[in-house]
Protein chains: 2
Amino acid sequence: MGGSGRVTLNDVAAASGVSRATVSFVLNNAPNQTISAATRERVQQAASDLGYVPHGVARALREGASRVVVLNIDWGLEGNYSRSYVRGLDDELAAHDHVLLVRHGHHTPQATQQVLDTIAPRAVLRFGEPYLTGHELDDRGGGWRDGLAAHAALQIRHLAEHGHTRMALALPDSGTPLAEARLRFAGQTAAALGLAPLASFVVPRPRSAGTSAVREFRAAHPGVTAIAGFNDDVALRTLTTLHDLGLSVPGDVAVIGYDDTEYGELVTPALTTVHIDAEAHGRLAARTALGLDTGGLVPVPARIIVRDSV
Amino acid sequence: MGGSGRVTLNDVAAASGVSRATVSFVLNNAPNQTISAATRERVQQAASDLGYVPHGVARALREGASRVVVLNIDWGLEGNYSRSYVRGLDDELAAHDHVLLVRHGHHTPQATQQVLDTIAPRAVLRFGEPYLTGHELDDRGGGWRDGLAAHAALQIRHLAEHGHTRMALALPDSGTPLAEARLRFAGQTAAALGLAPLASFVVPRPRSAGTSAVREFRAAHPGVTAIAGFNDDVALRTLTTLHDLGLSVPGDVAVIGYDDTEYGELVTPALTTVHIDAEAHGRLAARTALGLDTGGLVPVPARIIVRDSV
DNA sequence: CTGAAAGCGCTTACAG
DNA sequence: CTGAAAGCGCTTACAG
């Protein structure tokens, strides 16, 4: 062993009496190589005896990419979607001997380039991108089976099943590209169900501004009896403003959330919401990034968490 | 330039008519090297003309570590502490030409070893560790100036200033090593202020279990008039249980949160809480990881966000 | 069936 | 003041 700490291929080669190349072939199960069983055995034994583990940086230099996948995510890991997605991504990557590393915050293209230049990751993923387009799961058209469209529809349908015919989508004030898609899918669902055209409004911060916005919206759309939140945060803020306006939920107006955060259970009335298990989405993203087969991945369908706000 | 995309040191050397070594010296401002101003100029011009950017993987192989710092963090980025900490860490690292990458979830030592072997990061940090010990900022003894102890004390003091003399600390059910420290610091503060010994209890999930726990605690400690939450989540859950028990806040009992999440504003009564700006802690962690001077970092003191629950 | 050699892109003693 | 050379640890054509 080379004096310092690290056990290298050289050490394994020396210990097993073969060349570095042979060790590499054995350890990587190189195809088209016919190495005697005895030699393989000897090499593997030596490697494990010495506790050899390949140096990823050297390998990355040679192969052109490290066994790392980087995930860019704007900020927190609020709802169940992002948490389960990250979990699935992480697990699947680990199963294929790769490591997931995430970057938080808004990043410039230069910053992303810096990451590329610094560690040459196998891939850099942008959170939510496939979900938005719905192209994943071989389910074109916005993911009407297991994607955004399906989940948007589930939310609207739950309201319809409770007798509501006039609804609105409550949006966050930070404009997100997802808002437009959600509005479209929810609107299509309402149309398909023969409901009134879907309205929408923004719930700004802070609390007082949200209250004004909701008051104005109610005045302009007195017929609306149910509000679908773009996410649980908006739904929770809507619940708050309704409370401040002296309205009762679900008596005066029903509210449903989206993407199940842990705070939904804590308010009164507790928030009914859409629970999305995105672990399969995460695994799929992992396999796609690695250029692997994506078949046989069965996503768990989204479901409604029934509480008291609808 | 080498045919494919990447511009290497070789290309810059060729373009400026010097050796690779010279280019490296110029670009890294190598000390003890006296290279003519004209040559430096020529090299720098060529580098920028070609858009040369050093290949981090090669550099990492050579230097033994990549310009990456990995942060392990159990799960989300809930409160203001973790968000501001990550922001400060990220910014400071970027200022020193390093990249922050985070890993979420619980990780085994082997998994961490894999990260080390894969990208040879300059350092791997465990979120919250310095905060817990309070060793940062040269402020021993649990961080009574800008650390955990100071923040624990601030919370208790706020309650005391509102006339409360019997208090309890509400804890999460997931045991955290921080709980013990918080309890100790808060208890010491109560003692120093001449208050009754600090009680404590756990607020389990789900909502109904929390309610039972709080009911029992109230029965056992009828004199307690104020509850300090271990974090905003616990405080919010306490608020909920109090509501379910038909108690009014702050009339019957006051509640104060810790580490300002965005949901505190949304409940009724809105949650008074401790706001911790940990950007300086993040910057400090960055400088420490890089072996840099840590002087001159002035943390913003924590402060109380006064709302309606105390 | 196995080994010697080249090369991924960089930095840094070591010579001149 | 500047260049030739070695080497970080690995993989993979290419010879035997």
Side-chain angles (χ1 to χ4, degrees), chain A residues 1-43 46-47 50-67 97 116-120 122, chain B residues 1-43 46-47 50-67 97 116-120 122:
Chain A
M1 153 163 11
S4 83
R6 167 136 234 132
V7 178
T8 77
L9 214 50
N10 267 327
D11 302 318
V12 180
S16 47
V18 297
S19 75
R20 252 153 67 218
T22 304
V23 174
S24 177
F25 289 144
V26 171
L27 263 25
N28 293 314
N29 273 312
N32 309 332
Q33 289 301 139
T34 45
I35 295 173
S36 71
T39 303
R40 307 175 75 95
E41 175 59 29
R42 205 148 31 91
V43 169
L50 295 172
Y52 170 72
V53 20
H55 188 37
V57 173
R59 185 184 258 168
L61 180 59
R62 171 67 221 218
E63 293 187 339
S66 61
R67 303 202 176 181
D97 210 32
L116 254 24
D117 293 324
T118 305
I119 60 166
R122 181 88 41 179
Chain B
M1 146 160 22
S4 82
R6 169 135 232 131
V7 177
T8 78
L9 215 50
N10 268 326
D11 302 319
V12 179
S16 47
V18 298
S19 74
R20 256 154 62 219
T22 303
V23 175
S24 176
F25 290 144
V26 171
L27 264 24
N28 294 313
N29 273 312
N32 308 332
Q33 290 300 140
T34 45
I35 295 173
S36 71
T39 303
R40 304 175 77 93
E41 176 60 30
R42 205 147 31 91
V43 168
L50 295 172
Y52 170 72
V53 20
H55 189 37
V57 174
R59 184 183 260 168
L61 179 60
R62 172 65 221 220
E63 294 187 337
S66 60
R67 302 202 177 180
D97 209 33
L116 254 24
D117 293 324
T118 306
I119 60 167
R122 182 88 41 179

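Bear in mind the structure is a predicted one, so any value in this text is a computation, not a measurement. Each chain gets a letter, A, B and so on, in the order its sequence line appears, and its residues count up from 1.
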What's the CG-P distance between A:L9 and D:dC8, to the nearest Å? 13 Å
Given atom CG of B:N10 and atom P of D:dA4, what is their separation to the nearest angstrom? 12 Å
By salt bridge (Lys or Arg N to Asp or Glu O under 4.0 Å) - contacts of A:R59 (at least two apart): none
Ignoring backbone atoms, test whether A:T39 places a side-chain nitrogen or oxygen under 4.0 Å from the OP1 or OP2 oxygen of C:dC1. no
With the side chain of B:S36 defined as its heavy atoms from C-beta on, choose the nearest nucleotide among D:dG3, C:dC10, D:dC1. D:dC1
Using atom NE2 of A:H55 as one end and atom C1' of D:dC8 as the other, report the distance to the nearest whole Å. 7 Å
Rounded to whole Å, OH of A:Y52 lies from P of D:dT11 at a distance of 6 Å
Measure from CZ on A:R67 to C1' on D:dC10 and round the result to the nearest Å. 11 Å
Where does DNA chain C pair, written as one dot-bracket string 5' to 3', with Watson-Crick or G-U pairs under 3.5 Å, ( ) inside the strand, [ ] for crossing pairs and | for another strand? |||.||||||||.|||
Could you tell me whether A:V57 contacts a base, only the sugar-phosphate backbone, or nothing, with contacts defined as non-hydrogen atoms closer than 4.0 Å? nothing
By side-chain contact (heavy atoms from CB on, under 4.5 Å), B:A65 pairs with (sequence neighbours left out) B:R122
Can you list the residues that meet the side-chain hydrogen bond (donor to acceptor under 3.5 Å, both in side chains) rule with A:T118, with sequence neighbours excluded? none
What nucleotide among C:dC10, D:dG3, D:dC10 has an atom nearest to a side-chain atom of B:A58? C:dC10
Checking B:A30 now: which residues fulfil side-chain contact (heavy atoms from CB on, under 4.5 Å) with it, not counting sequence neighbours? B:F25, B:Q33
From CG of B:L61 across to C1' of C:dG7 the rounded distance in Å is 12 Å
On DNA chain D, compare the nucleotides closest to B:V18 and A:V53; which residue's is nearer the 5' end? B:V18
Partner set under side-chain contact (heavy atoms from CB on, under 4.5 Å) for A:A47, not counting sequence neighbours: A:V12, A:L27, A:Y52
Across all chains, not counting sequence neighbours, the side-chain contact (heavy atoms from CB on, under 4.5 Å) partners of B:S24 are B:L9, B:N28
Distance from B:H55 atom NE2 to B:L61 atom CG, nearest 0.5 Å? 10.0 Å
Any side-chain heavy-atom pair of B:R6 and A:D117 under 4.5 Å: yes
Please list, chain by chain and in numerical order, all residues satisfying side-chain hydrogen bond (donor to acceptor under 3.5 Å, both in side chains) with A:R40, sequence neighbours excluded. A:N29
Rounded to the nearest Å, what distance is computed from the CD1 atom of residue B:I35 to the C1' atom of nucleotide D:dC1? 8 Å
Please report, rounded to the nearest Å, how far the P atom of C:dG9 is from the CG atom of B:D11. 9 Å
When you compare the protein's N or O atoms with those of nucleotides 12-14 of chain C, which come within less than 3.5 Å of each other, and at what distance?
unit_1 : atom_1 : unit_2 : atom_2 : d
C:dT12 : O4'    : B:R62  : NH2    : 3.2

